[in-house]
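Each ligand, and each atom within it, is numbered from 1 in the order the structure gives.
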Amino acid sequence: MALDPSSLNPRRVVAQLRELQQLTGDENGAQRVAWTETWNTSRTWLDGLLDGLPLERKRDQAGNDWWTLRGDSDREVLIGGHIDSVPNGGWLDGCLNVVAGAEVLRRIAGEGTPPVTVRLVNWADEEGARFGRSLFGSSAAAGSMADQDELRKLTDREGVALPDALAANGVDLDRALDARAQIAAAAAYLELHIEQGPVLESLDLPLGVVLGTFGVERSRFTWRGQAAHAGSTPMDRRRDALAGAAKLALYIREIAAEVGGGAVCTSGGVVTKPGIVTSVVETAEQLLDQRHLDAGALARMLELARTAATRFAQEENIEVEWERIWSIEPILFDDTLIGLCEEAIMEIAGRSHRLPSGPLHDAAEVSRAGVPTVMLFVQSLRGLSHTKLEDTRELHLELSVRALDRLASKTISLVAAG
Ligand SMILES: [Zn+2]
């Protein structure tokens with residue numbers, strides 16, 4: 001069967017991803033860290049995929065790359081992703097989105113002028129691997145980059161300041177927020193991504209529609225008891241700070257079970273002092289991370305943890321203090337686009353599944369800015385990402401390109417009709 005050069009070619013996407021892996025990876029994995037030479041190589045390579053198409057090309061003030069196919073209407077459907085990777089990263093995280101998006105844009109351009117304007121965006125520095133600040137380009141475009149003073153102080157491991165690394169790549173931090181103009185006419189944003197978790201594989205499904213990104217509450221509980229000699233202090237006379245932390249570390253399982261709906265709680269660290277084998281623990285600093293897609297449920301999870309901590313402190317005759325380290329609200333994607341995405345997946349794969357995203361994505365920033373947004377997940381093998389072991393079956397990758405293409409068509413029709 002002869003392939004029409006303008007028709008969608010999902011197999012070409014897989015071949016291009018392999019080529020990118022060869023070009024910008026080594027024996028340890030992908031090395032497309034943002035604001036580096038290898039990243040620039042990958043950006044130039046991506047641009048080359050779109051050679052010969054009637055597109056406007058633009059690099060905005062935050063370093064995001066845009067390819068615009070003008071339509072009959074100025075209303076825009078955006079397809080996005082990020083070509084940057086973590087050091088020693090996988091061959092799919094981020095770049096699948098933009099390489100598949102380029103293929104979809106090629107298919108649409110091949111059919112003539114679309115009814116609405118369609119744009120592909122490659123967000124700058126999604127991973128934050130070099131300076132520890134994720135979602136750089138998308139937060140600038142979304143207008144939510146509120147921490148420019150903090151950003152100015154960031155340095156990489158070699159001591160290079162973030163503003164200098166940006167300047168070397170043609171980006172002026174003071175003007176990054178001007179990128180906001182880029183999403184002013186956006187009527188919808190679509191993003192394909194690998195799941196980076198085990199859910200779709202456990203259900204034996206290639207594709208799923210993402211409902212939104214989890215809200216997160218990060219807390220520090222500081223427990224205070226009394227240091228006392230391990231040999232001379234009777235068991236009933238101890239004020240053991242670790243006992244409170246230990247009770248809470250187990251109780252969070254009950255919180256997650258009681259609240260349900262995908263709730264997760266993690267006590268990821270406890271530091272004890274004096275931390276020696278011959279002393280009862282005097283202070284225990286305990287970290288807690290709680291996540292849920294529903295803001296009310298997330299607030300209840302935190303409340304349950306704090307109430308329990310007070311009770312455990314009384315039971316153990318110790319004290320406890322609570323402090324919020326960081327939080328972000330759940331970000332829910334657009335109901336209508338979720339419906340369209342589910343239709344697209346059903347048409348391509350026969351079955352679909354709705355799931356939340358644990359990790360944040362550029363899509364969360366775009367959604368926060370008020371643009372109707374949806375994401376599509378493709379199965380990750382063993383749930384692994386951010387490692388060279390990251391993988392997805394080629395058949396599933398091809399299905400994901402087809403589903404993104406269907407979703408784009410449906411979304412264009414929706415926006416054209418609205
Ligand atoms: Zn990613």
#### Entry: Every N, O or S from the protein that is nearer than 2.8 Å to the Zn ion (ligand 1)
His82 NE2, Asp93 OD1, His193 NE2

### Query
Aromatic rings Trp123 and Tyr189: how do their planes relate, parallel, tilted or perpendicular, breaks at 30° and 60°?
tilted

### Task
For the pair Arg306 and Glu303, find out whether any cationic side-chain nitrogen is under 4.0 Å from an anionic carboxylate oxygen.
no

### Task
With sequence neighbours excluded, tell me which residues meet ring-ring contact (aromatic ring centres under 6.0 Å, His included) with His292.
none

#### Entry: Spacing of His396 atom NE2 and Leu205 atom CG [to the nearest 0.5 Å]
9.0 Å

### Message
Given Arg406, which partner from the list Glu342, Glu343, Glu347 fulfils the salt bridge (Lys or Arg N to Asp or Glu O under 4.0 Å) test?
### Response
Glu347

#### Entry: Atom CZ of Arg175: over 12 foreign heavy atoms under 6.0 Å
no

